[in-house]
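Position 1 is the first residue of the sequence; numbering continues from there.
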Amino acid sequence: MNNSKHEMNFTHTRFFSICCVGILLLTLSACGYRFSGGGALPGGVSQVAVGVFKNHSGEIGVEGIFSSDIMYEFTRNGKKFTYRSDEGDATLSGSILSVTTAAVSRKDIQSVLEQRVTVRISLKLTDPKGAVLWQATGLSENEEYEVGKDKATTERNKLEAIRKLSRRLAEKVY
């Protein structure tokens, strides 16, 4: 009789555990959490053609970084994009207007310890006829980076700072 009482407690405990796990899974799946910016694109657009940004700055290669991050945001948020302008319902074009740097902190008058890179971009979403559906001009973001002991280290740190602010701008744009 003692053995059957133990089996009953074990069965009740297991049943209770399964119910708790089930309730937890239902709660988590039904919480309704969503990322912001997940709404519809303007003008009923379902697929966007995203091209490589135009680079009007003196910073070589940053156009690929910004184009990639914008495409990543579309993918991450479940939106369709294409590289071919003739396949999209709209085309997103972008320009890097400027990339500037300025000293943030100094060791002395001739030694900079930290710099800030600032990037300004413009974007335009147009339909196949060229009508502007959405536009943002002069968006900017900045990021600080450490000045290294040599030029190569400083340039590497600057590039990493540009990558960080590119990701932030892409999130903001989306």
*Verify the neighbour count for atom NZ of K54: are there more than 12 heavy atoms of other residues, nucleotides or ligands below 6.0 Å?*
no
*Mind checking whether V119 and L97 have side chains closer than 4.5 Å, heavy atoms only?*
no
*Sub-4.5 Å side-chain heavy-atom contact between F66 and I162*: yes
*Inter- and intrachain pairs under side-chain hydrogen bond (donor to acceptor under 3.5 Å, both in side chains), touching residues 93-103, at least two apart*: none
*asked:* Rounded at 0.5 Å granularity, tell me how far OG1 in T137 sits from CD1 in I121.
replied: 10.5 Å
*Quick one: side-chain hydrogen bond (donor to acceptor under 3.5 Å, both in side chains) pairs with a partner in residues 58-69, sequence neighbours left out?*
N55-E63, E59-K158, D69-S166
*Non-hydrogen atoms of E146 and N157 that approach each other most closely*: O-ND2, 2.9 Å
*List the steps and the verdict of side chain to side chain donor-acceptor pair (under 3.5 Å) for D108 and S111.*
CA-CA 5 Å; D108 54 47; S111 300; 3.2 Å; yes
_Minimum heavy-atom distance between G51 and M71, given as atom pair plus value_ = O-CE, 4.5 Å
Name every donor-acceptor pair, under 3.5 Å, that has one atom in a side chain of residues 125-132 and the other anywhere in the protein, sequence neighbours excluded.
residue, atom, partner, partner atom, Å
D127, OD1, K129, N, 2.9
D127, OD1, G130, N, 2.9
D127, OD1, A131, N, 2.9

*Can you measure from CD1 (I96) to OG (S57) and round to the nearest 0.5 angstrom?*
6.0 Å
*Closest contact, heavy atoms only, L139 versus A136*: CD1-CB, 3.8 Å
*Please examine the side chains of L123 and F53, heavy atoms only from C-beta on, and report whether any two atoms are closer than 4.5 Å.*
yes
*State, with a plain yes or no, whether a side-chain heavy atom of Y145 is found less than 4.5 Å away from one of E160.*
no
*Quick one: CD1 on I70 to CZ on R167, what's the gap to the nearest 0.5 Å?*
13.0 Å
_Between L165 and V117, is there a side-chain heavy-atom distance shorter than 4.5 Å?_
yes
*Please name the pair of heavy atoms, one in L113 and one in K107, separated by the smallest distance, quoted to 0.1 Å.*
CG-N, 3.6 Å
_Shortest non-hydrogen contact between A90 and L133, atoms and distance_ = CB-CD1, 4.0 Å
*Take R168 and E143, measure what salt bridge (Lys or Arg N to Asp or Glu O under 4.0 Å) needs, and give me the verdict at the end.*
CA-CA 10 Å; R168 279 200 310 268; E143 179 72 28; 2.8 Å; yes
_N-O pairing of R76 and E73 below 4.0 Å_ = yes
*ILVMFWY cluster, W134 and F74 together (side-chain gap under 4.5 Å)*: yes
_Using side-chain heavy atoms (C-beta onward) and a distance below 4.5 Å, is L169 in contact with Y174?_
no
_4.5 Å side-chain heavy-atom contact, Q115 and E144_ = no
*Does a side-chain heavy-atom distance below 4.5 Å link T91 with V48?*
no
